[in-house]
Amino acid sequence: MEFKQFTLDNGLRLIIHQDTSTPIVAFNILYDVGARDENEDLTGFAHLFEHLMFGGSKNIPQFDTPLQAVGGQNNAFTSNDMTNYYITLPKQNIDTAFWLESDRMLDLAFTPKSLEVQRSVVIEEFKQRYLNQPYGDVWLLLRPLAYKKHPYKWATIGKDIKHIEDARMEDVKAFFKRHYNPENAILVIAGDVNVDEMLTKTNHWFGDIKNEDKYIRNLPQEPQQTEARFLEVERDVPQSAIYKTWHICDKKDPDFYAYDLATDILSRGNSSRLYQTLVKEKELFTEINAYHMGSTDNGLFVISGKVKNTVDLKEADDAIVNCIEELKNERIPANELIKVKNKVESTDAFSHISVLNKAMKLAFAALLGDINLVNTENELYAKVTADDIQRVVQKSLIPTNCSTLYYKAKNN
């Protein structure tokens, strides 16, 4: 994937990818702020801002209306590591995206009404998705079980719903000034565009926006876990579940690719080990998955599964551990490793069909410090050996590094 990158005088990073195959342009702005950057007593602000950014800016009271009038669509998402806003629209209407995004980076409306409306939306989302939905509070329990120091110990929605209920206008404005500025943003424009023209437009629309506060990230580091942690809760859910986490490296570490392939070997597709052994053969689980959090700082390797109602949770847990021990102690057959590598490569190839996916990939790679990862990641996966996978799982998937949650169904 070819791209050009620039940095404006105010620090805004600009990446342009030219794709003449589509008349649609993706306009993606990633802000380097997530839930990890919040004050522990004021959590949920990164996610609250995802909503506030659609509540109107200083000069544009409605964000969606003018965009829809020119055939555009938009959305956003927040994680513990970043907040991403994206627009897709016909290339001839690109100025509308520049106008909208630059104005809300310049200054939000910050009206009491907007704050109250979005506060209510977030509170309702907290209740619906995390408190009143089956298994919704799993990560509200797992994060503080696995993390004791690092701010990954709270979820993106926030640590406590009261933090959003009590959010004051001055706190909201301070968060905006600290994080929503050119120096903390990455703009990616992808589509049938002219590079020089996009650079000129970016300077015109964003060049005069000043940075307010200089944010220096200095997060507490998570100490090494040295003993197994366990939590058991009972909830009104249809069946019991098991969640197990282990601390692993961050996404920038060379070992990340071995961990990623290890999760694929364990649970990607119906031919994977966990499915074949624990779902199909032993019939202990109705579903089971292995994945990692893909975190910018040191993350988690996770195995989670819904247990059949006739099965004891300890028996199911032991079966997971046995599968892990097999992965640790027996060399991965060459054809199994080739299979998961092929799936990674095919997924990457299909992702390049969408101009928006390409824009996001460029933004994420830039956030990690190496934009060219969009072109080299497949090589990094290809270089992973069976010995590499065995080495990382032997190092990290150990009892003293594990946190386990038994999520019991009340009727079981």
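Source: prediction; values computed, not measured.
Checking Arg143 against Ser403 by side-chain atom types alone, no donor-acceptor pair falls below 3.5 Å. Side chains of His47 and Glu125: a donor-acceptor N/O pair is present below 3.5 angstrom, by distance only. A side-chain donor from one of Tyr381 and Asp260 sits under 3.5 Å from a side-chain acceptor of the other. Between the side chains of Thr78 and Glu50, at least one donor N or O sits under 3.5 Å from an acceptor N or O. Checking Glu101 against Trp205 by side-chain atom types alone, no donor-acceptor pair falls below 3.5 Å. Neither side chain, Asn211 nor Asn10, offers a donor N or O lying under 3.5 Å from an acceptor on the other. Side-chain atoms of Ser271 and Gln276 include no donor-acceptor pair closer than 3.5 Å. Donor-acceptor pairing under 3.5 Å is recorded for the side chains of Asp19 and Ser21. In this structure, a donor-acceptor pair under 3.5 Å is present between the side chains of Asp297 and His150. A donor atom on one side chain and an acceptor atom on the other are not found under 3.5 Å apart for Asn181 and Asn184.
For the pair Arg104 and Phe63, the cation sits on the ring face: its NZ or CZ lies under 6.0 Å from the ring centre, inside 45° of the axis.
You'll find the ring centres of Phe110 and Phe176 inside the 6.0 Å limit. Here Phe175 and Phe49 bring their ring centres to under 6.0 angstrom of each other. Ring-centre distance between His247 and Phe301: not below the 6.0 Å cut-off.
For Asp192 and Lys91, the salt-bridge test passes: some basic side-chain N is under 4.0 Å from an acidic carboxylate O. Checked for salt-bridge contact, Asp137 and Arg235 meet the test: a charged N lies under 4.0 Å from a carboxylate O. Checked for salt-bridge contact, Arg119 and Glu165 miss the test: no charged N lies under 4.0 Å from a carboxylate O. The pair Lys148-Glu222 does not count as a salt bridge, with every side-chain nitrogen at least 4.0 angstrom from each carboxylate oxygen. Taking the charged nitrogens against the carboxylate oxygens, Glu40 and Lys153 do have a contact shorter than 4.0 Å, which makes a salt bridge.
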* Could you walk me through whether Tyr152 and Asp81 pass side-chain hydrogen bond (donor to acceptor under 3.5 Å, both in side chains), step by step? => CA-CA 9 Å; Tyr152 283 163; Asp81 295 315; 2.5 Å; yes

* Asked: For Lys358 and His17, what are the C-alpha separation, side-chain angles and deciding distance, and is it a side-chain hydrogen bond (donor to acceptor under 3.5 Å, both in side chains)?
  -> CA-CA 8 Å; Lys358 290 194 286 184; His17 166 64; 3.1 Å; yes

* Might you work through the side-chain hydrogen bond (donor to acceptor under 3.5 Å, both in side chains) test for Tyr406 and Asp317, ending with a clear yes or no? => CA-CA 9 Å; Tyr406 282 6; Asp317 191 358; 2.7 Å; yes

* Could you give me the CA-CA distance, side-chain angles and deciding distance for Asn74 and Leu89, then say whether side chain to side chain contact (heavy atoms under 4.5 Å, CB included) is met? => CA-CA 9 Å; Asn74 73 94; Leu89 76 176; over 6 Å; no

* Under the ring pair (Phe, Tyr, Trp, His ring centres under 6.0 Å) criterion, do Phe77 and Tyr85 qualify, and how do the steps go? -> CA-CA 7 Å; Phe77 57 87; Tyr85 300 85; 8.9 Å; no

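Between Lys244 and the choices Val321, Leu397, Leu142, the side chain to side chain contact (heavy atoms under 4.5 Å, CB included) rule is met once, by Val321. Of the listed residues (Asp32, Leu30, Ile29, Val33), just one forms a side chain to side chain contact (heavy atoms under 4.5 Å, CB included) with Thr83, and that residue is Val33.
The environment of CD in Glu2 is sparse: at most 12 heavy-atom neighbours from other residues, nucleotides or ligands sit within 6.0 Å.
Using the six-membered ring where Trp is involved, Tyr31 and Tyr180 have ring planes that are tilted, between 30° and 60° apart.
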